[in-house]
Amino acid sequence: MAAPAPDPQPGPDPVHDTSPGPGPVHDTPPGTGPGHGHGPERDSPPGTAPDADARPGTAPDGTDAEAPPGPDPLTVPSMSAGPDFVLRPWEMSDLPLIREAAQDPYIPLITTVPSRYSDRAAEEFVRRQWDRAATGAGYPFAIVRSRDRRPVGAIGLWLRDLPEGRASIGYWMVPYGRGQGVTRAALRTVTGWALRDLGIPRLQLFIEPWNTASARIAVNVGYRHEGLLRGWQQVGDERRDMAVYGLLNSDGPVDGRAVASN
């Protein structure tokens with residue numbers, strides 16, 4: 001899996017199918033296990049911090065000032081990811097998926113999926129996904145099998161670095177969704193949509209070096225291996241290296257179609 005962008009945490013969350021077969025998504029990766037992708041997110045927007053003496057909502061000279069508007073809320077669309085899967089917003093009916101993900105040894109380490117499942121913790125996870133869209137942090141999707149509407153994983157497009165012209169994708173996949181090409185289809189779908197329809201100049205994925213299955217999926221979709229970031233991300237109780245994969249809007253076709261409209 002590509003390491004997911006962390007959930008706005010109390011923290012952050014994000015997705016790649018590192019399943020033994022081919023999912024964007026911090027489909028949480030274990031080696032040849034689920035796919036995962038990580039995309040780091042900043043806790044604060046780019047820009048200069050306010051003067052330390054100025055109160056929120058107050059101009060530097062002490063006069064009242066209207067707080068600047070925050071990011072616009074986002075509407076998470078539903079999209080087809082090939083003939084067999086769809087991407088859609090999270091629903092409270094997705095709690096069984098979170099239960100399955102909580103039992104995975106890797107997914108809770110790189111996402112905010114609870115390591116100890118409870119209905120309350122799972123409902124809070126779903127609400128965090130809704131909050132991420134409502135606050136403009138990104139587009140969180142559940143990956144759902146078309147024939148029986150069973151959710152099998154997650155993928156997210158995270159926008160905290162969008163002012164710098166880049167966004168990250170993370171994904172994860174539970175065991176019964178692996179080995180079916182789901183992650184590849186989901187990553188391809190979100191990648192093409194982000195580059196063509198949203199016009200994002202650069203997309204990036206962060207994958208642990210051992211996660212060769214997820215790396216193959218990224219390269220298959222068109223991402224290029226750009227280097228190794230040492231000690232890039234906290235995973236569990238240790239900092240781990242991440243390989244970075246990038247794709248530019250100008251790089252060429254994704255899924256047989258040009259990524260740029262001009």
* Steps toward side chain to side chain contact (heavy atoms under 4.5 Å, CB included) verdict (Arg132, Leu74) -> CA-CA 8 Å; Arg132 297 181 90 176; Leu74 304 173; over 6 Å; no
Do [X] and [Y] touch side chain to side chain, with heavy atoms closer than 4.5 Å?
| X | Y | result |
| --- | --- | --- |
| Leu157 | Trp193 | yes |
| Gln180 | Val152 | no |
| Val76 | Pro140 | yes |
| Pro89 | Tyr139 | no |
| Val126 | Leu95 | yes |
| Asp251 | Leu195 | no |
| Val219 | His225 | no |
| Leu228 | Pro209 | yes |

* Do the side chain of Asp161 and the main chain of Ala167 share a donor and acceptor less than 3.5 angstrom apart? -> no
* Asked: Is there a donor-acceptor pair under 3.5 Å between the side chain of Gln129 and the backbone N or O of Phe125?
  -> yes
* Structure fact -> Smallest heavy-atom separation, Phe85 atom then Arg145 atom, equals CD2-CA, 3.6 Å
* To do: Grab the two heavy atoms, one from Leu87 and one from Ala186, that are nearest each other, plus how far apart they are.
  => CD2-CB, 4.0 Å
* To do: Could you give me the CA-CA distance, side-chain angles and deciding distance for Val190 and Leu203, then say whether side chain to side chain contact (heavy atoms under 4.5 Å, CB included) is met?
  => CA-CA 10 Å; Val190 173; Leu203 298 177; over 6 Å; no
* **Evaluation steps, side chain to side chain contact (heavy atoms under 4.5 Å, CB included), between Phe141 and Val86** => CA-CA 9 Å; Phe141 297 93; Val86 297; over 6 Å; no
* So with a 6.0 Å cut-off around CZ of Arg239, is the heavy-atom count from everything else above 12? -> yes
* To do: Any pair with a residue in residues 83-93 that passes side-chain hydrogen bond (donor to acceptor under 3.5 Å, both in side chains), sequence neighbours left out, goes on the list, sorted by first then second residue, please.
  => Arg88-Asp94, Glu91-Ser93
* To do: Could you list the residues that satisfy salt bridge (charged side-chain N to carboxylate O under 4.0 Å, His left out) with Arg240, not counting sequence neighbours?
  => Glu208, Glu238
